[in-house]
Each structure stands twice: as C-alpha cells, then as structure tokens.
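Comments concern the structure below.
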Amino acid sequence: MLGPVILAASRSDRMRRLISAAPVTKQVVDRFIPGETVDDIVPIIKDLTGKGLELTMDVVGEDITTPEQSHAARDAYLALIDRLAVLDLGEQVEMSVKLSMFGQALEGGHELALANVRQVVVAAAAIGTTVTLDAEDHTTLDSMFAIHEELRKDFPQTGCVIQAYLFRTEADARRLAAAGSRVRLVKGAYKEPAEVAYQNKHEIDKAYVRILKILMEGEGYPMIGSHDPRLISIAQELAHRAGRKPDEYEFQMLYGIRGDEHLRLAAEGHRMRVYTAYGTDWYGYFMRRLAEKPANLRFFVRSMISKG
C-alpha cells in the first residue's frame, strides 16, 4: 500500500517542496545523485576513473509527456558525450538510458525512442564507448528488446538489462547469451504482479543464480548488477567454472552504495563499473525508486548510516 502513496507524493508540488526542503532528503539525494549538471559530475567522473573504476552514466528523468521533452533528454546525453570526448574517457565511461525518457510511451513512441537513442549510440561509438538500455516495467520490454536488436545490427556492443524476478527472463537470457550481447543482470526493482514475477526474495535470488549461470556459459558479456555479497561470490565462482578471464565480465553497483567494495573488487583485478545518476529531476527519480520497491528506503538509510 505504500507504493501508491509514494507515487502520489512524487506528483504533488506541495510534497515536492516539503520533501526537498527536508535536510535528511538532501543528505540522501547528495549521496546517491551527486550532481545536477555535466559540470557537477565531471569531478566525480575524474575521481572514480582515477581510482581504477569504470562508470555508466544515467541522466535522471523518465516522465516524458511530449516529443520535445524526449529530444531534450537525447540532447542531455549528447552533451555528456561531448564532455567525455574532451576528457578522453570514452573507453571508461558508458551511458545507461531509459527508453521511457526518450518517448517510448508516447504515440508512435517506439519509433521516436529508437530514433532518439540511435543518435546517442552513434555519438557514443564515435568516442569509443557504448550505451546500455535499462529495463523498466514488464509492459515495456518487448519494445526495449526490439530496439536493442535493431541497434545491434550496426552497433553490436549495445547492451541491455534483464531482471531476475520476471518469469520470462531465463528465456531472454538464453537468447541474448547466444547472440553474444552485453547483458546486465539485476534482481528487479519495479512492483510487478505475481502473474509475471517472483514475489519472494529467496525465489528471486535462486532465479538470479540460474540466469547468471546461463550468461556466464554463453557467448555474451555478463554484467553483474548486485550489491549482495553472496551473489558476488557466486558470480566469481561461476566465472571461474566457465573459464572466463577477468576482462570477460564485470560487476556493477550504484554510486553511493558499498563504495569500499567497489575499490576492493577493482584492486583484485575485476572490472568494476559504478552506475552514476545525475540531473535536475532528482525528486521524481528518487520518489519513483521508493515507489517501485519501498524496501529501498530501508536500504538507502542503512547505506547512509554505514557510509559506504
């Protein structure tokens, strides 16, 4: 019942003002979304890459209601790519995009999102990097996978995200692993119905391991999106059994969560990529994360207390 309440708050200007003014909110936002502009984020990029970490950058914002907004989202990514080119960090920093931000839900949205994201993928390739398509709720996935397949015809390095809690994901993983794609596996954070997704944490964890085994034994490039120490250990064992070298898979974690673990994995020779979000629409982004899975609130608070 908490999810709908949080979503309602995300659309309320009054709640936006109240929550934005609360000191504790700013502490949480600053910890997980370290800037609003490209200028804000450049020092973060330099700091993390200087420590041997790689990044995937997300310009926050998903509630697109007009084609003009989708074009603005595209242009924000193009501006980021321009700055990465100047910094000569294309090989260390990629982009993560949500197709809803590029207009996927609008009338004619599939083609609009494809056109917008293609421009970003082309620009990214020109500086030696790539783009990963984030997964959203299950109703958007057929469109996302179709766009992913279309982009890979010219840019085979384009990645996508799959979510372990969805029943369909094992079949998606087999298809993607056979195709040699870059695939980020996450547990899943959207509130999905029992008809399409596991609801029990233990079942989700078991599905994660089954799917990760498929990816490790396949022809693609697995990206392990998890902060769970047990799953990270299992991923290392599965990589070893599959005969994968350290540069044939990578770990991914969110900026602001388990920072010491980021550095530990990198120091051990693993590829470690930090998912780093920035932008002015932090309020909507933050509230939607809580609405998708209110347990995230407890996770964020614990992370803030632990300081890393």
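One is the number of the first residue; the rest follow in order along the sequence.
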| said: Could you go through Asp137 and Thr139, starting from their C-alpha distance and side-chain angles, then the distance that decides it, and tell me whether this counts as side chain to side chain donor-acceptor pair (under 3.5 Å)? | reply: CA-CA 6 Å; Asp137 75 80; Thr139 65; 2.4 Å; yes
Contacts under 3.5 angstrom, residues 206-218 side chains, donor-acceptor by atom type, not counting sequence neighbours:
unit_1 : atom_1 : unit_2 : atom_2 : d
Lys206 : NZ     : Glu203 : OE2    : 3.3
Tyr208 : OH     : Leu185 : O      : 2.9
Tyr208 : OH     : Gly225 : N      : 3.4
Tyr208 : OH     : Gly225 : O      : 3.4
Arg210 : NE     : Glu170 : OE2    : 2.9
Arg210 : NH2    : Glu170 : OE2    : 3.1
Arg210 : NH2    : Tyr198 : OH     : 3.2
Lys213 : NZ     : Glu217 : OE2    : 2.8

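- Taking CG of Leu87 as the start and OG1 of Thr49 as the end, the distance is 8.0 Å to the nearest 0.5 Å.
- Looking only at atom types and distance, the side chain of Glu94 has no donor-acceptor partner in the side chain of Thr129 under 3.5 Å away.
- Remark: Lys46 pairs with no residue by the side-chain hydrogen bond (donor to acceptor under 3.5 Å, both in side chains) rule, at least two apart or across chains.
- With sequence neighbours excluded, no residue forms a side-chain hydrogen bond (donor to acceptor under 3.5 Å, both in side chains) with His71.
- Here OH of Tyr255 is found 10.0 Å from CE of Met57. Values are rounded to the nearest 0.5 Å.
- In this structure, Phe102 has its ring center under 6.0 Å from that of Tyr77.
- Tyr221 and Gln157 share no side-chain donor-acceptor pair at under 3.5 Å.
- Nearest approach of Thr158 to His148, heavy atoms of both residues: O-NE2, 3.0 Å.
- No hydrogens or angles considered: a donor-acceptor pair under 3.5 Å links the side chains of Gln104 and Ser143.
- Using modelled atom types and a 3.5 Å distance limit, the side chains of Ser70 and Asn116 yield a donor-acceptor pair.
- Of the N and O atoms on the side chains of Thr56 and Ser96, at least one donor lies less than 3.5 Å from an acceptor on the other residue.
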